[in-house]
Amino acid sequence: MHMHERLKDRFPITVCPGVTGMSGCWTAAVQPMTWGDDVLTVLPGTLPASALAARIAGCDAAVIMKLGRNLAKVRGVLEAAGLVERAIYVERGTMADEVVMPLAEKTGDAAPYFSMILVPGRGRRP
């Protein structure tokens, strides 16, 4: 979006439909994100912790983008919500050097720009 705004008046731009980054990441994680009537919520990790916690509390499944320096805050919110064991960390998804792992196994608070956390829904499953 930032690049688009800076370059749109200088270069011709074509928007091409394709696979979104988040669907590429849950495909790499071999994880369906929603079941039955689950609602998928996409959240920026840049939200304040209190706003992120409020939105996480009311969602079935979530994709949290824009981790970068927000990873520790996001992890803390997910821990408080009891969702760390369901959460999947994806770094550089769909790229040659992608990393997919349970968030519980991710050490440290560093995350590159191209990283996100997936919290799959549970649907009517126990």
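Values reported hereafter were calculated over all heavy atoms of this structure, with side chains retained and with hydrogens, waters and symmetry mates removed.
For the side chain to side chain contact (heavy atoms under 4.5 Å, CB included) test, no residue two or more places apart in sequence or in another chain qualifies with Pro12.
Hydrophobic clustering keeps Val99 apart from Trp26 (ILVMFWY residues linked when any side-chain heavy atoms are closer than 4.5 Å, directly or through intermediates). Under the 4.5 Å side-chain contact rule for hydrophobic residues, Leu103 and Val90 do not share a cluster. By the criterion of side-chain heavy atoms lying less than 4.5 angstrom apart, applied directly or through intervening Ile, Leu, Val, Met, Phe, Trp or Tyr residues, Val100 is grouped together with Met22 in one hydrophobic cluster.
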Pairs of donor and acceptor atoms involving the side chains of residues 69-87, under 3.5 Å and at least two apart or interchain, shall be tabulated with distances.
residue: Asn70; atom: OD1; partner: Lys73; partner atom: NZ; Å: 3.3
residue: Asn70; atom: ND2; partner: Lys66; partner atom: O; Å: 3.2
residue: Asn70; atom: ND2; partner: Leu67; partner atom: O; Å: 3.3
residue: Lys73; atom: NZ; partner: Gly45; partner atom: O; Å: 2.9
residue: Lys73; atom: NZ; partner: Leu47; partner atom: O; Å: 2.7
residue: Arg75; atom: NH1; partner: Lys106; partner atom: O; Å: 2.9
residue: Arg75; atom: NH2; partner: Gly108; partner atom: O; Å: 2.6
residue: Arg86; atom: NE; partner: Pro120; partner atom: O; Å: 3.0
residue: Arg86; atom: NH2; partner: Asp60; partner atom: O; Å: 3.1
residue: Arg86; atom: NH2; partner: Pro120; partner atom: O; Å: 2.7

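Between the OG1 atom of Thr94 and the CZ atom of Arg92 there is a distance of 12.0 Å, given to the nearest 0.5 Å. Rounding to the nearest 0.5 Å gives a distance of 10.5 Å between OG of Ser50 and CZ of Arg55. Taken to the nearest 0.5 Å, the CG atom of Leu118 stands 10.5 Å off from the OG atom of Ser23. For the atom pair Met101 CE and Thr107 OG1, the distance stands at 7.0 Å (nearest 0.5 Å).
The only option from Asp38, Leu40, Thr27 that meets the side chain to side chain contact (heavy atoms under 4.5 Å, CB included) definition with Met33 turns out to be Leu40.
Clustering of Ile, Leu, Val, Met, Phe, Trp and Tyr side chains at separations under 4.5 Å places Tyr113 together with Met95, Phe114.
Nearest heavy-atom pair across Arg6 and Arg10 is O-CD, 4.2 Å. Here the shortest heavy-atom pairing between Ser115 and Gly68 reads OG-N, 4.1 Å. A pairwise comparison of heavy atoms in Ala29 and Ile88 identifies CB-CG2, 4.1 Å as the closest pair. Considering all non-hydrogen atoms of both residues, Pro44 and Ile64 come closest at C-CG2, 4.5 Å. Nearest approach of Pro112 to Tyr89, heavy atoms of both residues: CD-OH, 3.5 Å.
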